[in-house]
Amino acid sequence: MATFGNLSDRLADTFKNLRKKGSLSASDVDGTVREIRRALLEADVAFEVVKDFTSRVRERALGDEVNKALNPAQQVVQIVNEELVGILGGQQRRLEFAKTPPTVIMLAGLQGAGKTTLAGKLAKWLAKDGHTPLLVAADLQRPNAVTQLSVVAEQAGVAVFAPEPGNGVGNPVKVAKDGVAYARSRQYDTVIVDTAGRLGVDAELMKQAANIRKAVDPDEVLFVIDAMIGQDAVNTAKAFQDGVDFTGVVLSKLDGDARGGAALSVASVTGRPIIFASTGEGLDDFEPFHPDRMASRILDLGDILTLIEQAQQAFDEEEARKVAEKFATDSFTLEDFLKQMQQLRNMGSIKKMIGMLPGAGAMREQLDSFDEREIVRTEAIIQSMTPAERRNAKLLNGSRRLRIARGAGTTVTEVNQLVQRFEQAAKMMKTVARGGVPQMPGMGPIPGAHGGASRKQAAKSKKKSGSRSGNPAKRAAENSGAATSGAAVPAGSGFGLGLGGGAARSVDAPSEDELAALQKFLGRG
Amino acid sequence: MAERTPWSLSGALRGMFQRPTITEDTWDDLETALVGADFGPDVTEAVIDELRANVERYRTTDPRDLQRMLRETIEERLSKYDTTLRLTERPAVVLVVGVNGVGKTTTIGKFARFLGTYGRSVVVGAADTFRAAAVDQLATWAERGGAQIVRPQQQGQDPASVAFQTVEFAKRTGTEIVIIDTAGRLHTKGGLMDELTKIRRVVEKQAPVSEVLLVLDATTGQNGLAQAQAFIEHAGVTGLVVTKLDGSAKGGFVLAVQEQTGIPIKLVGQGEGIGDLTGFTPHVFAQKLVG
């Protein structure tokens, strides 16, 4: 898979070579820079950006800051990280809303970038935040784009304004303008204008986009770009910048295995921030873009903060508190285990979550073969137990286990494994609930430096447990069981009461945290 | 405002070929141009090494010779494989696959028209039952392309069963060519890729699958390789279709895809009009690319 390895993998390999060196000579640095250059090119970062990036890294790597550092290799990694964050736009930028509603958001991009789907996601996201979005179908070009938008709107549970049937009929500028007027009269506070996909070289269509922009005077123009795009990202981005002058970028299809390249190119060439990332086909697969976290993802340092935020959204705090209490009093049962597992599933794809953990790149191949249905099977096993058995796992003797296995359509071995896993989890959680050191990554960023250290241990223990089990599905399930506990505890222990607190913390946490992650990155063989 | 530049490297290469002699700058420019056209670091290096060797051997210093050699090198690399579509079975079943948003449905509309002009009767199967309104989009294209369409009987029907019904329909009515549209799927989604394998398996119960066309977007970068690899593994791709070549992207990665997988490019899409699909000719492609 060497040829198809993505940016994270490539850079990880590069740094591994570097790490063996006690001091760096100029030729070491050159070799590394060449590898970085190659890795970035293979990840589709624009050539000019690569040249610029590598020359800066090289200059800094040869400078004093590296020579004086205790561990020069580590210093180089940090330089790369800093430069990546720098290019990606430093701080996260939020959507800007108009002082007087409606806020108008216009979407633009190439064909097939994912504008219509994104419109739905954005609308759903806004609706969740208490806004009343209106989708305006101004893509009258592609056959049945209007129908698609209507369906997406229905799925998102938001209103749609589609006066024209599309398929080449109607004037998109007029539709967009009417849409905004309609929103004003009906008190919708945000308007999302979906426009037709257009090529950067198509002067006529670019003009039309500019006209739509002029007609609706949007507060935000979001340029939607496919994360898989190649070197053309630069040309396209420039063309759209000249044509419609977008205010922000949305990176779509980030759930594929192409990560980073286009993000780096577009951000560095246009100087416009990436605001959102779209990571799947479901309407909920959508998240604000965090440059620092993206850099961590590229460098395979994990994305703990996103993980925690998702956990906070999915977990009912009251429920978590109850569970924590049960842990403390040793009355945690398989029933609770089942409930937790179902909550975990609410968080979305487990694969995606594990992918956010530091060092996950190394597990990627096992992750790929991990079957999400494993959880369903576990559920089936628990559901095949009688209520008495669920409450008291000690009841489970051989013949009961055989019955359960039959009922769940699995083998006794699997039932045994589940019971064992449950007991481990319960024991671990007991220590946590009583104030012990949590062994899970979810706790990392909370107490600052100390958290970093505990995360280091956690990552190590995770690795160990991984190698213990030969079955990737089981290993992943174990990890997911672990994630349940890690995520439940912050909520139960009063961490981040409400999202606001969590978000505020996440602003200053990363740098410190990343340092810890970096250390771990280097310390771990 | 961006001007409509021709789809070609010529712009990037112009400066280089106008110099009186071949210098180190020429090589730098060539590298920039090739990387910028998404050829990828490996192919770029290979092409440049080959050209350097040739320049050395023929002791030429004329950039125009270099241009000719570049064209020949690319053409030679492209024409290693057989680009003919094999549609001799009756019915000939064509499966169209690819990631999201590369232009599968549009390509099918154009392909149906393309086949129609050769007097073939065509039926398209709307096996993209996932994306909102995909069936309607295909129906519009089928109508424009003069093809019949088999729709799913209900919302969210199993795509394999739609494919099955389409082939069945073709057998019953004696339609010569069956084109099956599938939902776009990222190649990293194991479950969805398995679904593709299933579609293929189910179709093969009725008739052999003549061609599996993988649609690749010319704007895609090196990720196109990973896409091709995954789709070959799961769907047994027999040919590539490169779309959106009317943009500013050069689609150089297809060369790497073709070389690493041995699957030839068979069709080229260059616009949103129904007639904008042509067969792939290495000579023309290289000519247009290099100028």
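Values in this document were obtained by computation on a predicted structure and should not be read as measured data. Convention: sequence-line order gives letters A, B, ...; per-chain numbering from 1.
Heavy-atom distances place the side chain of Val99(B), and not its backbone, under 4.5 Å from chain A. In this structure, chain A has no heavy atom under 4.5 Å from any part of Val102(B). Heavy atoms closer than 4.5 Å to chain A are found nowhere in Glu143(B), neither backbone nor side chain. In this structure, the portion of Phe130(B) lying under 4.5 Å from any heavy atom of chain A is its side chain and not its backbone.
Distance check: Thr220(B) OG1 to Asp232(A) CG gives 10.0 Å after rounding to the nearest 0.5 Å.
Scanning all heavy atoms of the two residues, the minimum distance from Met228(A) to Asn223(B) falls at SD-OD1, 3.0 Å. Of all heavy-atom pairs between Lys51(A) and Thr32(B), the closest is NZ-OG1, 3.6 Å. Shortest non-hydrogen contact noted between Leu41(A) and Pro41(B) is CB-CG, 4.0 Å.
Residues satisfying the salt bridge (charged side-chain N to carboxylate O under 4.0 Å, His left out) test with Glu31(B), not counting sequence neighbours, are Arg37(A).
When the shell of 6.0 Å around CD of Glu154(A) is examined, it contains 12 or fewer heavy atoms from other residues, nucleotides or ligands. The neighbour count for Glu204(A) CD, taken as heavy atoms of other residues, nucleotides or ligands under 6.0 Å away, does not exceed 12.
In this structure, Lys244(B) contributes its side chain and Gln111(A) its backbone to a donor-acceptor pair below 3.5 Å.
With chain B as the partner, the residue from Thr236(A), Asn235(A), Val234(A), Val244(A) showing the most heavy-atom pairs under 4.5 Å is Asn235(A). Heavy-atom pairs under 4.5 Å with chain B peak, among Thr116(A), Ile229(A), Thr117(A), at Ile229(A). The candidate from Ala139(B), Gly40(B), Gly221(B), Gly103(B) with the greatest count of non-hydrogen atom pairs under 4.5 Å with chain A is Gly221(B).
Inter-residue side-chain proximity for Asp44(A) and Asp38(B) is flagged as met; some heavy-atom pair is nearer than 4.5 Å. Contact annotation: the side chain of Asp246(B) approaches that of Leu199(A) to within less than 4.5 Å [non-hydrogen atoms, C-beta and beyond].
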Please tabulate, one pair per line, all N/O donor-acceptor pairs under 3.5 Å involving side-chain atoms of residues 140-153 of chain A, not counting sequence neighbours.
residue   : atom : partner   : partner atom : Å
Arg142(A) : NH1  : Gln148(A) : OE1          : 3.2
Arg142(A) : NH1  : Gln137(B) : OE1          : 3.2
Arg142(A) : NH2  : Gln148(A) : OE1          : 2.7
Asn144(A) : OD1  : Thr140(B) : OG1          : 2.7
Asn144(A) : ND2  : Thr147(A) : OG1          : 3.1
Gln148(A) : OE1  : Arg131(B) : NH1          : 2.9
Ser150(A) : OG   : Val146(A) : O            : 2.9

